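Bear in mind that the values here come from a model prediction, so they are computed numbers and not experimental data.
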Number of protein chains: 2
Amino acid sequence: MVTIVDVAKHAGVAPSTVSYVLTGKRPVSAETRMRVGESIRQLGYQPHAGARALAGSRTNVLALVLPLREGVHLPVVMRFASSVVTTAREHDMDVLLVTADEGAAGLRRVAGTARVDGFLVMDVGLDDERVPVLRDLGRPAVLLGHPTVANGLTCVDLDFEAAGARCVDHLVELGHRTIGFLGAPGAVYARNTGFAQRTLAGFSSAAMRRGVASTALPAERQREAVRAVVGTLLRELTRMTALVVHNEAALGWVVESLRAEGRRVPEDVTVVAICPDELAEQLRLTSVQLPADVLGRRAVELLMAKLNGQRPPALTLLPPKLFSRTGQAGPRLVVAPPPRQVG
Amino acid sequence: MVTIVDVAKHAGVAPSTVSYVLTGKRPVSAETRMRVGESIRQLGYQPHAGARALAGSRTNVLALVLPLREGVHLPVVMRFASSVVTTAREHDMDVLLVTADEGAAGLRRVAGTARVDGFLVMDVGLDDERVPVLRDLGRPAVLLGHPTVANGLTCVDLDFEAAGARCVDHLVELGHRTIGFLGAPGAVYARNTGFAQRTLAGFSSAAMRRGVASTALPAERQREAVRAVVGTLLRELTRMTALVVHNEAALGWVVESLRAEGRRVPEDVTVVAICPDELAEQLRLTSVQLPADVLGRRAVELLMAKLNGQRPPALTLLPPKLFSRTGQAGPRLVVAPPPRQVG
DNA sequence: AACCACGTTCGAAGCGCTTCGATTCAATTC
DNA sequence: GAATTGAATCGAAGCGCTTCGAACGTGGTT
């Protein structure tokens, strides 16, 4: 193995000088820098990660905590993971994969053994045991999915409010004047927080602002329940030509119900969904997608900022991406505004 | 931070003794072991991973190299990754996530900086640049997917030959006596190696052994091409009541073509696919699944064996799992034999 | 009673790197 | 020309752990 001492000897300098060349933490003359660089190249020197971590108390590794079993849509997780690793590498970081199965104990372990510098935690629940632990651990962390705003922690999520509004705006631009909203099961709105409510709020205020007639109803996931709600909407909102659906499980039944009621989709009723891209793709519906790749990138950037001692905003909401799938041509990306930041 | 010295003082022993308690590399009296263990618990001691790696030249981390972008079916990758992490943790190992994008350079980097003890590489190509690098690196590695048998390297894969045979056996047990085989595009069979050929071989010899009439044809992925091949099969093998399909892209068109020809699926023609589970699930077809979870577990176990100085078989072929989806009941797992080992 | 052997435990020497105070030397200043 | 400065570099002290030879008892042997 080639060590820093070998490089130092080869370049005729002290080991510390090589270190300074590598880290840039002290000025080194251009000439020395060249010479050391050349020695590094010739000897094929690669610093020992463990030694670095020991002496410098920085591992250059970040923990990515993923729900690998269930819950979140798998392709979304993958895209996110991919984006995280790529972005991390741009910052010269490696990624340690931790499953959510390990729970808080897993976080304690990798932090306690000084394996990682910080955490990226996906799919954090509203009352997650890991949140307090994360705060105690005293290492930078970025949470994804649910914006559990907790002091000191940083969160990233899709801007669901904007997503709701975006659907309305899109439909209004297509000429629709009466729009329905079919949301999550009632119970989801009952807990007084979360993305469902924010989506609905965005939808409602946009409808108001745009002056369109609208009705919003919750829906259970079962086929019959969905059929009933669709029936109600068609009856109450007789001139309804468009429907925004924020309920993955019901989505398929919604389309089926509409057709059963004699409405063609999308000719008679245009359906816009807020759901993972794959599902919308399959049903050929225009949709607002979860921008997993942007989410991953942004999350890493926020974490890096914290590692560098900055204090990034406590909450970053990413602009929704709307893919139009009405035409015969491939998905058309409608450009969205920059992210919102809070705190 | 609590160090080994703190623990040693607290327990009234030398640091080295604490180390031996932890690693078990030298005998320690039961009484001392107790006392040290108690101190560890009381102080909440967790050994510093970097220091360990430096002194012991063992990181307890393994690299998982995944094709995160494309190629392999995403859910399969996830299941595999999940299984790898879980199994690795059982062996007290952590997992560093590396994307295939980084190529051979990525392997050189994580090995050169002593970040990992070994490699798990998924989706290795027939003439992959990483194979020679992996051999040079001199660290244990286990390859998955294509059994590129290379000296010193260990491979795990699905036993495609058994998969082909299994389909026949299953169908014969259901009473079928004339079975067609619709395979990958001709070009795939032309390269003189790989899973396509092995599947076909397994199918053919099983058909022979079972005394069933059979015809095998390659098929391109396009709809018209598939339709033509299905037509040919129906004409040539007039009494065909079952069809084994080893061509993911064509699978949907196969079912469509059969129905267009007036054959009900599965009543008139039973289709068994060799494909990712999700696809078969969607089309409600009985299928042979890639056992990603078993694959991941086995891969880690092989790697651990190598890390412990053993010389596991060069090639392990996992028994195929056949899921029957003909009935109304949920998937029924038909139990399969133990893995085959070579080398 | 002196000896040996064995199971335990200790002490010290690194592992390869970062970091900080000290040192050097040339360029500036009075 | 001596004193002052500041940039560039050096040297040494750790970081927390493993490991290896040595030391220490204890019990059994001759």
Side-chain angles (χ1 to χ4, degrees), chain A residues 1-37 39-40 43-61 92 94 109-117 307, chain B residues 1-37 39-40 43-61 92 94 109-117 307:
Chain A
M1 180 180 193
V2 183
T3 75
I4 202 171
V5 174
D6 299 326
V7 174
K9 277 183 187 148
H10 188 272
V13 297
S16 49
T17 304
V18 177
S19 179
Y20 290 127
V21 168
L22 248 25
T23 62
K25 292 192 178 174
R26 273 197 191 178
V28 174
S29 72
E31 195 233 312
T32 311
R33 208 178 319 125
M34 294 269 80
R35 203 146 34 86
V36 170
S39 297
I40 288 175
L43 301 180
Y45 169 67
Q46 293 182 278
H48 188 288
R52 264 198 151 160
L54 180 56
S57 61
R58 193 103 157 19
T59 64
N60 276 27
V61 175
D92 201 31
D94 268 298
R109 183 175 57 78
V110 293
T113 57
R115 262 203 199 296
V116 302
D117 295 329
L307 280 172
Chain B
M1 179 181 193
V2 183
T3 74
I4 201 171
V5 175
D6 299 327
V7 175
K9 278 182 187 147
H10 188 272
V13 297
S16 50
T17 303
V18 177
S19 178
Y20 290 128
V21 168
L22 249 25
T23 62
K25 293 191 178 175
R26 274 201 191 175
V28 174
S29 71
E31 195 233 315
T32 310
R33 209 180 317 125
M34 294 269 80
R35 201 146 34 85
V36 170
S39 297
I40 289 176
L43 301 179
Y45 169 67
Q46 294 183 276
H48 187 290
R52 262 198 152 162
L54 181 57
S57 60
R58 193 100 157 21
T59 63
N60 275 29
V61 175
D92 199 31
D94 269 298
R109 184 175 58 78
V110 294
T113 56
R115 262 203 199 296
V116 302
D117 295 330
L307 280 171

Please report the distance, rounded to the nearest Å, between [atom1] in [X] and [atom2] in [N].
{"X": "A:His48", "N": "D:dC15", "atom1": "NE2", "atom2": "P", "result": "19 Å"}
{"X": "B:Leu22", "N": "D:dC17", "atom1": "CG", "atom2": "C1'", "result": "10 Å"}
{"X": "B:Tyr20", "N": "D:dG21", "atom1": "OH", "atom2": "P", "result": "10 Å"}
{"X": "A:Met34", "N": "D:dT9", "atom1": "CE", "atom2": "C1'", "result": "18 Å"}
{"X": "B:Leu54", "N": "C:dT18", "atom1": "CG", "atom2": "P", "result": "12 Å"}
{"X": "A:Asp6", "N": "C:dC15", "atom1": "CG", "atom2": "C1'", "result": "13 Å"}
{"X": "B:Glu31", "N": "C:dT8", "atom1": "CD", "atom2": "C1'", "result": "12 Å"}
{"X": "B:Arg115", "N": "C:dC15", "atom1": "CZ", "atom2": "P", "result": "21 Å"}

Does A:Ser16 make a side-chain N or O approach to OP1 or OP2 of C:dT18 shorter than 4.0 Å? no

Under 4.0 Å from OP1 or OP2 of C:dC10: is there any side-chain N or O of B:Thr17 that close? yes

Side chain of [X], heavy atoms from C-beta onward: which of [options] has the nearest atom to it?
{"X": "B:Lys25", "options": "D:dC15, D:dT19, C:dC17", "result": "D:dT19"}
{"X": "A:Ala55", "options": "D:dC15, D:dC10, D:dG16", "result": "D:dC15"}
{"X": "B:Val28", "options": "D:dT9, C:dC10, C:dT9", "result": "C:dT9"}
{"X": "A:Ala51", "options": "C:dC17, C:dT9, C:dC10", "result": "C:dC17"}

Touch class at under 4.0 angstrom, heavy-atom based, for [X] against every strand present:
{"X": "A:Ser29", "value": "sugar-phosphate"}
{"X": "A:Ser57", "value": "nothing"}
{"X": "A:Thr3", "value": "sugar-phosphate"}

Taking B:Val7 as the fixed residue, which of B:Leu22, B:Thr17, B:Val18 is the one that meets the side-chain contact (heavy atoms from CB on, under 4.5 Å) rule? B:Val18

Would you kindly compare A:Pro15 and B:Arg26 by the position of their nearest DNA chain C nucleotide and give the one closer to the 5′ end? B:Arg26

Of B:Gly12 and A:Arg52, whose nearest nucleotide on DNA chain C comes first from the 5' end? B:Gly12

So CG of B:Leu43 and CD1 of B:Ile4: to nearest 0.5 Å the spacing works out to 12.0 Å

Before you tell me yes or no, could you show the steps for A:Arg35 and A:Val13 under side chain to side chain contact (heavy atoms under 4.5 Å, CB included), namely the whole-Å CA-CA distance, both residues' side-chain angles and the distance that decides it to 0.1 Å? CA-CA 9 Å; A:Arg35 203 146 34 86; A:Val13 297; 4.2 Å; yes

Between A:Asp117 (side chain only) and A:Arg58 (backbone N and O only), is there a donor and an acceptor less than 3.5 Å apart? no

Base of C:dG7, side chain of B:Arg33 - is there a donor-acceptor contact under 3.5 Å? no

Could you walk me through whether B:Val2 and B:His10 satisfy the side chain to side chain contact (heavy atoms under 4.5 Å, CB included) test, starting with their C-alpha distance in whole Å, then the side-chain angles of each, then the deciding distance to 0.1 Å, before giving a yes or no? CA-CA 11 Å; B:Val2 183; B:His10 188 272; over 6 Å; no

